[in-house]
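A short write-up of the structure that comes next.
Small disclaimer: the values here were computed from a predicted structure and weren't measured. Note: hydrogens, waters and symmetry copies are ignored here, and every other heavy atom, side chains too, is used. In what follows, every chain begins at residue 1, and chains take the letters A, B, ... in the order their sequences are listed.
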Amino acid sequence: MKNEHIISVPVPEEFRFMVNVSYLARSTNECLFEIKDDKVRKAISFGNEVFLIEVSENHDGSLLVRFIGARPTNESMLNEVIHYVQDWFDLDTDLKPFYAMAEKDLLLEQSVKAFYGLRILGIPDLFEALCWGILGQQINLTYAYTLKRRLVEAFGTSIEREGNRYWIFPPPEDIAKLTVEDLSVLKMTVKKCEYLIGVAQLMAEGSLSKELLRNSGDFKAAEKMLVKIRGIGPWTANYVLMRCLRFPNAFPIADVGLHNAIKQVLGTDRKPTIEEILELSAPWTDWEAYATFYLWRILY
DNA sequence: TGCCAGGTAAACA
DNA sequence: TGTTTACATGGC
């Protein structure tokens with residue numbers, strides 16, 4: 001392995017670091033990474049190891065990953081970290097076909113122009129993705145961030161570096177042990193408490209994992225597996241398949257943010273119906289996830 | 001102030 | 001199978 005603190009990670013042509021940082025910076029209440037001077041810091045854990053990485057832009061547009069404090073002591077661990085960053089920023093997806101389609105699309109043309117180089121920022125940790133989806137159900141995003149912060153600060157772990165605290169999302173094993181009362185003091189609905197604990201138990205016992213979803217067969221099978229779980233409906237399932245499993249055709253069609261974005265782009269006085277969205281999204285085949293993400297972006 | 005919020009399960013027809 | 005309602009709290 002390279003005996004350095006800094007590693008350069010190549011990026012595809014259709015990538016703009018700052019557009020992605022702008023997305024990451026959408027909430028000042030984010031608790032799982034920190035943005036300062038156009039650099040993103042995040043604590044990540046692999047097994048027993050915890051690293052604090054700082055991702056920034058190289059002069060040639062590629063990514064620089066710097067370790068603050070401990071760094072991987074072997075090559076396979078280092079590769080895991082690099083892979084994590086590639087997954088987080090979705091560096092492996094070729095956006096050319098998406099842009100070719102979107103440039104001619106009534107709903108997408110302006111957002112792909114305005115946010116060229118934006119990738120779907122991932123939530124690689126399945127449990128975190130599921131919790132974030134559940135927390136975000138039927139409440140405004142600002143409050144969802146507050147609930148996530150309370151959950152993380154109550155049950156997560158943290159490391160301290162250079163005077164700052166960096167939090168790591170709690171593992172399912174820890175949430176699986178909690179009672180509804182433990183969670184409801186955070187001011188989420190009793191149902192959400194039950195959903196989070198239920199999902200945590202499934203993951204802790206091994207009957208739900210990223211691998212199982214990936215190996216379920218195809219998108220529909222993975223969606224079916226998720227929707228069977230109490231608290232996970234079509235919206236949450238597709239949200240997670242989009243942000244964590246990275247299915248390009250994941251499509252949270254019932255999403256109210258998507259509806260508002262479409263309303264805004266079309267300049268209509270009402271939100272579109274599901275039937276109207278199905279028509280408007282017909283050209284998006286196998287790019288529904290990216291189309292949704294770009295439309296969300298115009299709202300912030 | 002009242003409506004809305006990155007929905008879902010359960011009840012009901 | 002399709003429609004309605006409770007959930008619950010905060011943001012704006």
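Distance from the side chain of Val256(A) is smallest for dA5(B) among the nucleotides dT9(C), dT8(B), dA5(B).
No side-chain donor from either of Ser27(A) and Asn29(A) sits under 3.5 Å from a side-chain acceptor of the other. When only modelled atom types and interatomic distance are considered, Ser281(A) and Glu288(A) share no side-chain donor-acceptor pair under 3.5 Å. With hydrogens and angles left out, the side-chain atoms of Ser209(A) and Glu211(A) include no donor and acceptor closer than 3.5 Å. Defined by atom type and a distance below 3.5 Å, a donor-acceptor pair is missing between the side-chain atoms of Asn79(A) and Ser76(A).
A perpendicular orientation is assigned to the rings of Phe89(A) and Phe15(A), their planes being inclined by more than 60° (bins at 30° and 60°).
Within the 4.0 angstrom heavy-atom criterion, only backbone atoms of the sugar-phosphate kind lie near Ile232(A); the bases stay farther away. Residue Pro252(A) is out of contact with every strand shown, counting any heavy-atom pair closer than 4.0 Å. Counting any heavy atom pair closer than 4.0 Å across all strands shown, Tyr300(A) reaches a base atom.
DNA chain C is contacted by Gln138(A), Asn140(A), Thr142(A), Tyr143(A) of residues 130-152 of chain A, taking any non-hydrogen atom closer than 4.0 Å. Taking a 4.0 Å limit (strictly below) on heavy-atom distances, residues 262-286 of chain A does not reach DNA chain C anywhere.
For Leu186(A) and dA8(C), the CG to C1' distance is 14 Å, given to the nearest whole Å. With rounding to whole Å, Leu226(A) atom CG is found 14 Å from dT8(B) atom C1'. Here the P atom of nucleotide dA5(B) and the NE2 atom of His259(A) are 10 Å apart, to the nearest Å. A straight line from NZ of Lys192(A) to P of dA5(B) spans 14 Å, rounded to a whole angstrom. Regarding Leu299(A), its CG atom lies at a distance of 14 Å from the C1' atom of dC4(B), rounded to whole Å. Look at NZ on Lys187(A): it is 9 Å from C1' on dT9(C), rounded to the nearest Å. We find that CE of Met188(A) is positioned 16 Å from P of dG7(B), with the value rounded to whole Å.
Leu91(A) is connected to Val21(A) through a chain of hydrophobic side-chain contacts under 4.5 Å among Ile, Leu, Val, Met, Phe, Trp and Tyr, so both are in one cluster. The cluster map of Ile, Leu, Val, Met, Phe, Trp and Tyr, joined by side-chain heavy atoms under 4.5 Å apart, puts Trp235(A) and Val227(A) in different clusters.
For the pair Arg119(A) and Glu14(A), the salt-bridge criterion is not met [side-chain N within less than 4.0 Å of a carboxylate O].
For the C1' atom pair drawn from dG2(B) and dA8(C), the interatomic distance equals 16 Å after rounding to whole Å. dT5(C) and dC3(B) have their P atoms separated by 16 Å, with the value rounded to a whole Å.
Between Gly257(A) and Arg230(A), the one whose closest nucleotide on DNA chain B sits nearer the 5' end is Gly257(A).
Residue Asn260(A) places no side-chain N or O under 4.0 Å from the OP1 or OP2 atom of dC4(B).
Ring centroids of Tyr23(A) and Phe115(A) are separated by 6.0 Å or more, keeping the two rings apart. Between Phe251(A) and Trp287(A), the ring centre distance reaches or exceeds 6.0 Å.
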